[in-house]
Amino acid sequence: DGGITQSPKYLFRKEGQNVTLSCEQNLNHDAMYWYRQDPGQGLRLIYYSQIVNDFQKGDIAEGYSVSREKKESFPLTVTSAQKNPTAFYLCASSTSGGEQFFGPGTRLTVL
Amino acid sequence: AQSVTQPDIHITVSEGASLELRCNYSYGATPYLFWYVQSPGQGLQLLLKYFSGDTLVQGIKGFEAEFKRSQSSFNLRKPSVHWSDAAEYFCAVGAYGYSTLTFGKGTMLLVSP
């Protein structure tokens, strides 16, 4: 089955610790995206990558970092510099036409 | 700057009744428009999309949407709502190709018996 996987589904971390969220796709899509979702805020773009070894900041990149070493993988690191990291994180990939497909999400709770 | 407005935060509809969710957008070029649906704690699923052609587009689960350029709107409709349609709905706009999308803040649909 082709799709996007995100792991883990739930993640708990202590304040001040960095944490990495996994995103893998087997759709052979070139572009991948990370969004943050908070209640009543919709989706806000953190980072995106259109090709391997290249990525751009989105609207709320501060306190986050990414890498894109392989086409199928786009991990997101939430660093200790992110002031309010507790949120639902969604990964997506897109076709050349622009239609985005989403993973099931990771809920991060910082204690 | 591009933006999407979904004026209704919550909408309650009786099961079997018709539904219309509103979406207004601001975009400088030819817009590529989407509607997505999200169940609690899940990812987003694409309902339908519009880039060009017939301004009335059909999607999955019996949904349709109409693009009205003069009103900068892309409203989502369904003639008869089922209890399983209760979810949050997001409208999004972007450009055709490798482009970022701008999402509205969502409309939560509640379905009453």
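By convention in this document, chain letters (A, B, ...) are assigned in the order of the sequence lines, proteins followed by strands, and residues within each chain are numbered from 1.
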Portion of [X] that has a non-hydrogen atom of chain B nearer than 4.5 angstrom:
X        : value
Asp30(A) : both
Glu99(A) : both
Gln50(A) : side chain
Leu43(A) : both

Within a reach of under 6.0 Å around CD of Glu62(A), are more than 12 heavy atoms found that belong to other residues, nucleotides or ligands?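 Open: at most 12 neighbouring heavy atoms sit under 6.0 Å from CD of Glu62(A).
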
Check whether more than 12 heavy atoms from other residues, nucleotides or ligands sit under 6.0 Å from atom NZ of Lys9(A), and answer yes or no. yes

Who wins among Tyr33(A), Phe101(A), Phe102(A) for the most heavy-atom pairs under 4.5 Å with chain B?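 Heavy-atom pair counts peak at Phe102(A).
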
Determine the option with the most heavy-atom pairs under 4.5 angstrom with chain B, choosing from Pro104(A), Ala31(A), Gly58(A). Pro104(A)

Between Tyr48(A) (side chain only) and Ser99(B) (backbone N and O only), is there a donor and an acceptor less than 3.5 Å apart? no

Test your reading of the model: is there a side-chain donor-acceptor pair from Lys105(B) to the backbone of Pro39(A), 3.5 Å cut-off?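 Between the backbone of Pro39(A) and the side chain of Lys105(B) there is no qualifying donor-acceptor contact (under 3.5 Å).
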
Does [X] share a hydrophobic cluster with [Y], counting links as ILVMFWY side-chain heavy atoms below 4.5 Å and allowing steps through other members?
X        : Y        : value
Leu46(B) : Tyr50(B) : no
Val66(A) : Val52(A) : no
Leu48(B) : Val37(B) : yes
Phe34(B) : Phe90(B) : yes
Ile60(B) : Leu56(B) : no

Worked check of side-chain contact (heavy atoms from CB on, under 4.5 Å) between Arg44(A) and Thr102(B): CA-CA 8 Å; Arg44(A) 292 183 289 169; Thr102(B) 297; over 6 Å; no

Examine whether an atom of Gln38(B) lies under 4.5 Å from a heavy atom of chain A, and if so say whether it belongs to the side chain, the backbone or both; otherwise answer neither.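 The answer is the side chain of Gln38(B).
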
Go through the atoms of Tyr36(B) and report whether side chain, backbone, both or neither lie under 4.5 Å from a heavy atom of chain A. side chain

About how many Å separate CD of Gln100(A) and CZ of Phe103(B), when rounded to the nearest 0.5 Å? 5.5 Å

Is any side-chain heavy atom of Gln42(B) less than 4.5 Å from a side-chain heavy atom of Phe88(A)?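 When only atoms from C-beta onward are counted, Phe88(A) and Gln42(B) do not touch, as no gap falls below 4.5 Å.
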
